[in-house]
Each structure stands twice: as structure tokens, then as C-alpha cells.
Amino acid sequence: QHSVKELLSLGIQPDMLVCRSEHELPEGERRKIALFCNVREEAVIPALDAKSIYEVPIRYHEQGMDDVVCRHFGIKAAAPDLTTWKDIHVRKTKPEGEVSIAVVGKYTGLLDAYKSLSEALDHGGIANNVRVKLNWIDSQIFEEDTPLEYLEDTHGILVPGGFGERGAEGKILAAKFARERGIPYFGICFGMQMAVLEAARNLAGIADANSTEFGPAKEPVVGLMTEWTKGNEREVRDVDGDLGGTMRLGAYPAALKPGSKIADIYGATSISERHRHRYEVNNDYRGRLEQHGLRFAGMSPDGILPETVEFADHPWFIGVQYHPELKSRPFEPHPLFASFIGAAVEQSRLV
């Protein structure tokens, strides 16, 4: 009533009231609110606590909110089909199983930094009808303790984007653990770069493999593309002239190798994904790395910039330079997240 009074003092008369509540709103209270706030009783909509965000549209429909809105605007609409929402709600509240995913990052103390990532993993769980339990691990821990203690019972390991040297060696160790143990691994942006460094050091024998992001490197396996490409004036201008010619920001196309794992997941050999990064995997090392099993399955259309890597003999080990989590939706989970969680489900049956 106080809120409505304040609105009225500004010359605003509300047509609907949405009332947050932990408990059911008795009809008497609903009628009283309508009377004292001068709105129709059916326009007082209880907004009760929900088990998941996907339940909210269902509950609002049951309370008649959509009918009130349509009536107010004179819209004649058929009854909504909420089948998909109901299916997602059931999958969220009554999943058939659970998988544990270790997210090895450096911002685990501020989980909002990974909000789009956690949602995309949730979407992958919906696609596979399982609950996704996230285990947030600070990558610096692995620089002091063995990964075995933290990752032994996990069903999948994801190393997300980031920047800077702090925690980088821990992410490399997480990639090594996943590769050697046959645990599904998903490296995104920085996570792909660290997986490539791990393969360079421990498979290709390039002991000094490093990223120039961390300082001068004897073996710059990762670096600004201006540091290793030749005759790339056009490409550098095309990347982003406003940011010094070193950042790829926004959507870029990629060509995937036919028959590769990632092409099979997408069901396509030509994709477009969103990027936000300055450093790239050095294409000059591609031949040496592919000789030891790391397949460069996706490249920029001109063949200059590595976009995805994978191990063909691993159950599921994929790194991507872009950010697929930004395109995932609950009704349309990103195929990489759906496939990754599917691989984690298979892993859970082996543990």
C-alpha cells in the first residue's frame, strides 16, 4: 500500500501488482490488497518462491498474469503452449542423474565472473537430463598440491577464459591430469591455450613452451599474432584497429575439419562464434604439435589462426579459442556444452 501511495503521488496508477512472497497469498489478503490499492482482484499476482527460474513463467501463467496483460492491451491470444518450459522444469527438479564438473579458474572467489559459463553448463545438464554439480577450484592450489586430491572423483574438467600469469601453471596441470586420466576436458579461450602449452611441454618435448602474455618466451607457443605472423597487415587491420590491432572482439567465422570430433558435435564444418582475446596459439608450432596427437581441428578461414584443438584418441578433449557459453540458451543448449556434459555422464558410469 505504501508503494502504491508513492506511485499515486507521482501521478501513476498501477494496473497490476506482483507481490513477492514465500507463502501462498490468501484470497482474503489478495482481495484486501486489490481494494486498498484500487486494482482489480485478478490483477494482484502472487510471485511465490520457485525451485528454479524456469518454473516462474509456469507459475505466473497459473496465476493469470498473461491473461491480465493481454486484456489490458486488448490482445486476443490463444492459450500459450508451455510444454517446453514444463519439460525443462521437470528436468531441473527431477533429473535422472548427476555429474560433477570441476571448473579450474582464478576468479573462483567471485562466481559472478563465470555466470554465463555456469548457466551454459546448466543448459548442458538440461540437454542430458542430469543435474550438474559445479566444483569451483582455484587453479593456484595445483601449484602446491597434487590435482589428484581435488579431481579424482570429478566427471569433467573445464578451464575457462582468463588472463595473466597467476594460476596459469595450475591450469596446465589440470589439462595434463585430464589428458592422462582420460577425463573429459573443455578448455575455453585461455583454457585452450593452457592445454596447448601442456601438450607442447609434455608431448612435443618443447620444455620452454610458454605464452608471451607472461613475458619474453624462448618458445612462444602462445602470443600476439603480430609477434609470429608474417605479411599479415590485412589480417591485423581486420581484427580491431581501435584496439591496437591485437584484439579479436565479436563474432568470427571458423572452418572445421570434416570428420573431426568438433565438426561432428556441431554437425557443420563452417561456424561463427564470439571472441574476446588478444593472444593466439602460434600456428608455427602446429606441425610439431600435430605429430604428437594434438589436432588443430578448427582454423580461421584463411588458415592463419587456430580456433579449436582436440585429441582424437581421448574420450573428450576439446579446446576452443572463442566463448561458446555466450550463445547457449536453455531451449537451445550450445552443442559443445551438451556434448561435454554427455561425455561427463559417460565418465560417471566408469567411476
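Here, residue 1 is the first one in the sequence, and each next residue gets the next number.
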May I ask you to decide if [Y]'s main-chain N or O and [X]'s side chain share a donor-acceptor pair within less than 3.5 Å?
X	Y	result
E198	I172	no
S100	T154	no
T93	H89	yes
N128	V130	no
S328	E325	no

Residues that, via side-chain heavy atoms closer than 4.5 angstrom, fall in one hydrophobic cluster with L25: V4, L8, L17, I33, V39, V44
hydrophobic_cluster_shared for [Y] and [X], side chain cutoff 4.5 Å:
X	Y	value
Y60	L48	no
I126	I341	no
M65	L82	no
I58	V90	no

Is there a side-chain contact between [X] and [Y] in this structure, where contact means two heavy atoms from C-beta onward sitting under 4.5 Å apart?
X	Y	answer
V69	H72	no
F337	P324	yes
R30	I45	yes
I157	F186	no
R274	K327	yes
P330	Y54	yes
Y114	P160	yes
P46	C19	no

Do the charged groups of [X] and [Y] touch, with an N to O distance under 4.0 Å?
X	Y	answer
K51	E55	no
E169	K106	no
D49	R20	yes
R91	D87	yes

For Q193 and E280, which I'm curious about, is there any donor-acceptor pair between the side chains at under 3.5 Å? no
Residue that, paired with H334, satisfies side-chain contact (heavy atoms from CB on, under 4.5 Å) out of H123, R329, E273: E273
For [X] against [Y], the heavy-atom pair lying closest together:
X	Y	value
N282	D284	OD1-N, 2.9 Å
D15	A43	O-CB, 3.4 Å
V104	K171	O-CE, 4.0 Å
G182	P315	O-CG, 3.6 Å
P301	P253	CD-O, 3.4 Å
A175	F317	O-CE1, 3.7 Å

Would the number of heavy atoms belonging to other residues, nucleotides or ligands and lying under 6.0 Å from CZ of F163 be above 12? no
Report, as yes or no, whether the 6.0 Å neighbourhood of atom CD on Q13 holds more than 12 heavy atoms from other residues, nucleotides or ligands. yes
Please tabulate, for the side chains in residues 213-225, all donor-acceptor contacts under 3.5 angstrom to protein atoms that are two or more places apart in sequence or on a different chain.
residue : atom : partner : partner atom : Å
E213    : OE2  : G164    : N            : 2.8
E219    : OE1  : Y285    : OH           : 2.6

Rounded distance [0.5 Å steps], [atom1] in [X] versus [atom2] in [Y]:
X	Y	atom1	atom2	result
I88	I53	CD1	CD1	11.5 Å
Q321	Y279	CD	OH	12.5 Å
Y150	S139	OH	OG	12.0 Å
R166	E143	CZ	CD	9.5 Å
E165	S211	CD	OG	9.0 Å
F177	L148	CZ	CG	5.0 Å

With sequence neighbours excluded, tell me which residues meet side-chain contact (heavy atoms from CB on, under 4.5 Å) with L134. I101, V103, S118, L121, V132, W136
Could you walk me through whether R179 and N202 pass the side-chain contact (heavy atoms from CB on, under 4.5 Å) test, one step at a time? CA-CA 11 Å; R179 177 179 60 79; N202 299 313; 3.9 Å; yes
Criterion side-chain contact (heavy atoms from CB on, under 4.5 Å) on H323 and L326, from CA distance to verdict: CA-CA 6 Å; H323 289 272; L326 300 178; 3.9 Å; yes
Which pairs of donor and acceptor atoms, one on a side chain in residues 286-297, lie under 3.5 Å apart (sequence neighbours left out)?
residue : atom : partner : partner atom : Å
E290    : OE2  : F296    : N            : 2.9
H292    : ND1  : R288    : O            : 3.0
H292    : NE2  : L203    : O            : 3.4

Check the pair I271, L256 against side-chain contact (heavy atoms from CB on, under 4.5 Å), reporting the backbone distance first and the verdict last. CA-CA 8 Å; I271 62 170; L256 306 181; 3.9 Å; yes
Which side-chain N or O atoms in residues 303-314 pair as donor and acceptor under 3.5 Å with protein atoms at least two apart or in another chain?
residue : atom : partner : partner atom : Å
E307    : OE1  : H275    : NE2          : 3.4
E307    : OE2  : R248    : NH1          : 2.8
T308    : OG1  : G298    : N            : 2.9
E310    : OE1  : I262    : N            : 3.2
E310    : OE2  : K261    : N            : 2.9
H314    : ND1  : W316    : N            : 3.0
H314    : ND1  : W316    : O            : 3.4
H314    : NE2  : A178    : O            : 2.9
H314    : NE2  : I183    : O            : 3.4

R40: side chain to side chain donor-acceptor pair (under 3.5 Å) partners, not counting sequence neighbours: E42
Distance to the ring centre below 6.0 angstrom and angle to the axis at most 45 degrees; does that hold for K176 and Y185? no
Residue pair V345, H155: steps toward the side-chain contact (heavy atoms from CB on, under 4.5 Å) verdict: CA-CA 7 Å; V345 171; H155 306 132; over 6 Å; no
